[in-house]
Amino acid sequence: MHPVEALASHLKPGRGWKEHLEGEFRQPYMQALAEFLAAEENAGKVLFPASTHCFNALNSTPLDRVRVVILGQDPYHGPGQAHGLCFSVRPHVPPPPSLVNMFKEIQSDLGIAPPDHGCLQPWAEQGILLLNSVLTVVQGQAGAHQGKGWETFTDRVIETVNREREGVVFLLWGSYAKKKGRHIDRNRHFVLEGPHPSPLSAYRGFFGCRHFSRANEWLREQGQGPVNWELPSKAELIARYKNN
């Protein structure tokens, strides 16, 4: 199987994404990206997340169910962390600092106590697209796959949401996410911008932004149900996904 066909096979049919994005896999940039990723793996490099999970955000959140988009930058590069959702880690991995700060803001904003894990898969299944700009990384090398083509592909994902959906909430934290979302039609969608939740910037306005309650207020105004930002316990989560 050609590398680009192998890569495309990880984007599941029936989620609404494939019909809008399949043309991207015929573009030269995507063919070059697929060959690059195959060469990285053939050279013995460990990539995160595993290739089977690189499209987890799209596979977990069908296009016609997207109601909130959170934009991240790169996957985590530590062992066992990344599983294809921005800011999220697998249930057995301690939440990284930015995610801890997100949970602190949710507690302040909505009174929801932080969970005992950092897995955001239940959010994705409620229609929250947890999209990184770059979908793979090399173990221990932050940003190793920047500038290889993923950014163009995820721009197409954002364009698809912008065009095909109505009334989506976009949460853009930090200058990178704001730049990534600069072409969102703000007459059709609700865009909330703020500092990144990183410990380096959270105290400059992320804390107190109330983006989580404001997102729910907007969704209610659009006749949609609010997001349940409360996550199940680690034990419940592991039991739920034990066969996945």
Side-chain angles (χ1 to χ4, degrees), residues 3-12 17 21 24-25 27-61 69-102 117-121 123-124 128-158 171-181 196-202 244:
V4 77
E5 294 174 352
L7 185 62
S9 72
H10 300 311
L11 185 59
K12 295 180 181 178
W17 297 107
L21 298 171
E24 294 304 303
F25 292 95
Q27 297 299 317
Y29 85 88
M30 203 62 176
Q31 295 180 23
L33 171 61
E35 290 169 0
F36 167 76
L37 294 173
E40 291 276 87
E41 291 183 328
N42 290 338
K45 295 183 180 180
V46 177
L47 306 189
F48 295 139
S51 57
T52 52
H53 287 96
C54 67
F55 296 125
N56 191 25
L58 303 179
N59 292 334
S60 296
T61 309
V69 177
I70 298 178
L71 292 181
Q73 189 166 353
D74 294 278
Y76 298 119
H77 56 86
Q81 291 182 303
H83 64 124
L85 305 178
C86 73
F87 292 104
S88 181
V89 291
R90 296 180 184 278
H92 62 280
V93 177
S98 292
L99 184 53
V100 169
N101 285 341
M102 288 166 59
H117 62 88
C119 181
L120 306 182
Q121 188 74 35
W123 287 4
I128 302 177
L129 182 63
L130 297 164
L131 183 69
N132 274 318
S133 176
V134 177
L135 301 187
T136 54
V137 72
V138 176
Q139 178 175 331
Q141 298 179 35
H145 288 176
Q146 291 180 7
K148 302 299 183 182
W150 278 129
E151 294 92 340
T152 301
F153 179 79
T154 53
D155 278 346
R156 300 295 176 269
V157 173
I158 295 168
L171 302 182
L172 309 181
W173 300 325
S175 58
Y176 188 93
K178 292 174 190 176
K179 183 178 178 182
K180 183 82 171 169
H196 195 277
S198 161
L200 299 175
S201 55
N244 290 5

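Counting begins at 1 with the first residue of the sequence. Atoms considered below: every heavy atom in the structure, side chains included; atoms not considered: hydrogens, waters and symmetry mates.
No side-chain donor-acceptor contact under 3.5 Å links Gln141 to the backbone of Val137. A donor-acceptor pair is defined here as one N or O able to donate and one able to accept, closer than 3.5 Å; no such pair exists between the side chain of Ser133 and the backbone of Glu151. The main-chain N or O of Gly78 is found under 3.5 Å from a side-chain atom of Gln81 such that the two form a donor-acceptor pair. Between the side chain of Trp17 and the backbone N or O of Leu58 there is at least one donor-acceptor pair closer than 3.5 Å. Within the 3.5 Å criterion, the main-chain N or O of His53 finds no donor-acceptor partner in the side chain of Asn59.
Going from atom NE2 of His77 over to atom CG of Leu47 covers 14.0 Å, rounded to the nearest 0.5 Å. Taken from CG in Leu172 to CD1 in Ile70, the straight-line distance is 10.0 Å, to the nearest 0.5 Å. One distance of note links CG of Leu71 with CG of Leu129; it measures 8.0 Å at 0.5 Å rounding. One finds the CD atom of Glu24 at 10.5 Å from the OG1 atom of Thr154 (value rounded to the nearest 0.5 Å).
Listed here is the closest heavy atom pair of Gln31 and Phe25: CG-O, 3.7 Å. Here the closest heavy-atom approach between residue Trp173 and residue Leu171 is recorded as CZ2-CD1, 3.7 Å. In terms of heavy atoms, Cys54 sits closest to Leu135 at O-CD1, 3.6 Å. Nearest approach of Val4 to Met30, heavy atoms of both residues: CG2-O, 4.1 Å. The two residues Ala82 and Phe48 make their nearest non-hydrogen contact at CB-CB, 4.2 Å.
In this structure the side chain of Val157 reaches within 4.5 angstrom of the side chain of Leu21, judged on heavy atoms.
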Next on the checklist: Assess the residue pair Ile158 and Leu131 against the criterion (side-chain contact (heavy atoms from CB on, under 4.5 Å)); give the C-alpha distance rounded to whole Å, side-chain angles, the decisive distance to 0.1 Å, and a yes or no.
Outcome noted: CA-CA 9 Å; Ile158 295 168; Leu131 183 69; 4.0 Å; yes
Item to check | Steps toward side chain to side chain donor-acceptor pair (under 3.5 Å) verdict (Gln73, Asn132) | outcome: CA-CA 5 Å; Gln73 189 166 353; Asn132 274 318; over 6 Å; no
Next on the checklist: Please evaluate residues Lys148 and Thr136 with respect to the criterion side chain to side chain donor-acceptor pair (under 3.5 Å), reporting the C-alpha separation (whole Å), side-chain torsions for both, the decisive distance (0.1 Å), and the verdict.
Outcome noted: CA-CA 10 Å; Lys148 302 299 183 182; Thr136 54; over 6 Å; no
With a cut-off of 3.5 Å and sequence neighbours excluded, list every side-chain donor-acceptor pair involving residues 34-43.
| from | atom 1 | to | atom 2 | distance (Å) |
| --- | --- | --- | --- | --- |
| Glu40 | OE1 | Lys45 | NZ | 2.9 |
| Glu40 | OE2 | His145 | NE2 | 2.9 |
| Asn42 | ND2 | Ala38 | O | 3.2 |

Could you list the donor-acceptor pairs under 3.5 angstrom formed between side-chain atoms of residues 84-94 and any protein atom two or more places apart in sequence or on another chain?
| from | atom 1 | to | atom 2 | distance (Å) |
| --- | --- | --- | --- | --- |
| Ser88 | OG | His83 | NE2 | 2.7 |
| Ser88 | OG | Leu120 | N | 2.8 |

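Relative orientation of the Trp150 and Phe55 rings is perpendicular, given thresholds of 30° and 60° on the angle between their planes.
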